[in-house]
Colleague: 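Please find one structure pasted underneath; my questions will follow.
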Number of protein chains: 2
Amino acid sequence: MESQVEHYELTHADPDSVELPAVLAALAEPARLKIVRTVAAYGGDGGMACLTVWDKSGLTASKSTMSHHYKVLREAGLVVMWWVGSKKHVRLRREVVDARWPGLLDAVLTDRTAD
Amino acid sequence: MESQVEHYELTHADPDSVELPAVLAALAEPARLKIVRTVAAYGGDGGMACLTVWDKSGLTASKSTMSHHYKVLREAGLVVMWWVGSKKHVRLRREVVDARWPGLLDAVLTDRTAD
DNA sequence: CCTCGAGTTCGATAACCGTCGTACAGTTCG
DNA sequence: CGAACTGTACGACGGTTATCGAACTCGAGG
């Protein structure tokens, strides 16, 4: 229950404290992989609203399940989230992830076999 | 069959039928990641004996656990194994993995933060 | 002030997975 | 042959995790 009053100061994982297995485990879950791919495809550098992710991804998970997945992605250092009014937005941390594991995100995102 | 000892390949996963989440899940387990890194570091293109992997990796898992990890790596299409006498050898399937997910193995193997 | 929409948290449940010991199968070598 | 070595198959146990509904918080907009 991070403060919804502040719009930009949500707590996120310290990138340097995240281990590679945690990142891989986060991406290994099909629903989370779908989220990441959707954010990359539609969000660009500015990110997008979580609700839009839900629409575009075609995922059917419940609100609580989605919230759980976002939490895992956040703790793996893969995404940043912030509030815009009553809606939450999400963005990939490309700079951070690319700096630490060059090529990893590209490899995952360019998978032509994913639906 | 150039020597007295019989070398024969075992059945492995069809690379095209493996999904990305399965590969990521295989690599997300610290012990398996260690195995892959050890094979990459010491095995080169020719692979190495599983027992040598055990020595070099410093893993302390039991025989059955190691066997299980190898099975997961095999089913994920990440390694090939074959018999050399009474000892089993293992080799990374770099060509196959690199062809399907370019940069993925490199990204995982060049992680400087792994012990 | 009150209602609706967007998300989080909690508790419960079911499935998955890593681990091990034991039993078993094949190879090597004395 | 038989003992030692190498690895797999099978059950069992315990911990992790994905999933959901319900209750809750907070903001937006009548």
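Just so we're on the same page: letters track the sequence lines, and every chain starts at 1.
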Colleague: Rounded to whole angstroms, how far apart are CD on A/Glu29 and C1' on D/dT17?
Modeller: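 The answer, rounded to whole Å, is 9 Å.
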Colleague: What is the separation between atom NZ on B/Lys63 and atom P on D/dC5, rounded to the nearest whole Å?
Modeller: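 From B/Lys63 NZ to D/dC5 P: 11 Å.
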Colleague: Please state how far atom NE2 in B/His69 lies from atom P in D/dT8, giving the value in whole angstrom units.
Modeller: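 To the nearest whole Å, that distance equals 13 Å.
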Colleague: Using atom CD of A/Glu75 as one end and atom P of D/dA18 as the other, report the distance to the nearest whole Å.
Modeller: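 My rounded result for the distance is 11 Å.
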Colleague: Look at the side-chain N and O atoms of B/Arg74 and state whether any lies under 4.0 Å from the OP1 or OP2 oxygen of D/dT8.
Modeller: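 True: B/Arg74 side-chain N/O within range (under 4.0 Å) of D/dT8 OP1/OP2.
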Colleague: So does B/Lys71 get a side-chain nitrogen or oxygen closer than 4.0 Å to the phosphate oxygens (OP1/OP2) of D/dG7?
Modeller: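 Checking B/Lys71 against D/dG7: no side-chain N or O falls below 4.0 Å of OP1 or OP2.
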Colleague: Are B/Trp54 and B/Leu78 linked, directly or through intermediate hydrophobic residues, by side-chain heavy-atom contacts shorter than 4.5 Å (ILVMFWY only)?
Modeller: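 Same cluster: B/Leu78 reaches B/Trp54 through Ile, Leu, Val, Met, Phe, Trp or Tyr contacts under 4.5 Å.
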Colleague: Tell me which nucleotide among D/dT8, C/dT19, C/dG7 gets nearest to the side chain of B/His68.
Modeller: C/dT19
Colleague: What's the closest nucleotide to the A/Trp83 side chain, out of D/dC20, C/dG7, D/dA18?
Modeller: C/dG7
Colleague: Is the phosphate of D/dC20 approached by A/Thr65 (side-chain N or O, under 4.0 Å from OP1 or OP2)?
Modeller: yes
Colleague: Taking atom types as modelled, is there a side-chain donor on A/Thr65 or A/Ser62 under 3.5 Å from an acceptor on the other?
Modeller: yes
Colleague: Kindly say if B/Lys87 contacts the phosphate of C/dT28, meaning a side-chain N or O under 4.0 Å from OP1 or OP2.
Modeller: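 No, outside the criterion.
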Colleague: When all nucleic acid strands are considered with a 4.0 Å heavy-atom cut-off, which category describes A/Ala31: base, sugar-phosphate, or nothing?
Modeller: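 A/Ala31: no heavy atom of the nucleic acid under 4.0 Å.
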Colleague: Nearest to the B/Leu51 side chain among C/dC20, D/dG21, D/dG7, which nucleotide is it?
Modeller: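 Closest of the options to the side chain of B/Leu51: D/dG7.
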Colleague: What is the distance, rounded to the nearest whole Å, between atom OH of B/Tyr70 and atom C1' of C/dT19?
Modeller: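 The distance from OH of B/Tyr70 to C1' of C/dT19 comes to 16 Å, rounded to the nearest Å.
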Colleague: What integer distance in Å separates B/Leu73:CG from D/dT8:C1'?
Modeller: 16 Å
Colleague: Counting only side-chain heavy atoms from C-beta out, which of D/dA18, C/dT9, D/dG7 sits nearest to A/Ser64?
Modeller: C/dT9
Colleague: Heavy atoms only: give me the nearest A/Thr38-A/Ser57 pair and the separation to one decimal.
Modeller: OG1-CB, 3.4 Å
Colleague: Can you see which heavy atom on B/Pro102 is nearest to which on A/Ala107, and at what distance?
Modeller: O-CB, 3.4 Å
Colleague: Once you round it to whole Å, what is the distance between P of C/dG7 and CE of A/Met66?
Modeller: 9 Å
Colleague: Write down the atom of B/Gly77, the atom of B/Val97, and the distance for their closest heavy-atom approach.
Modeller: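 Minimum heavy-atom contact is O-CG2, 3.8 Å.
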Colleague: Of all the nucleotides listed (D/dA18, C/dG18, C/dT8), which has the minimum atom distance to the side chain of A/Lys88?
Modeller: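 My answer, after comparing the listed nucleotides, is C/dT8.
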Colleague: Just N and O in the side chain of B/Ser86: are any of them under 4.0 Å from OP1 or OP2 of D/dT6?
Modeller: no
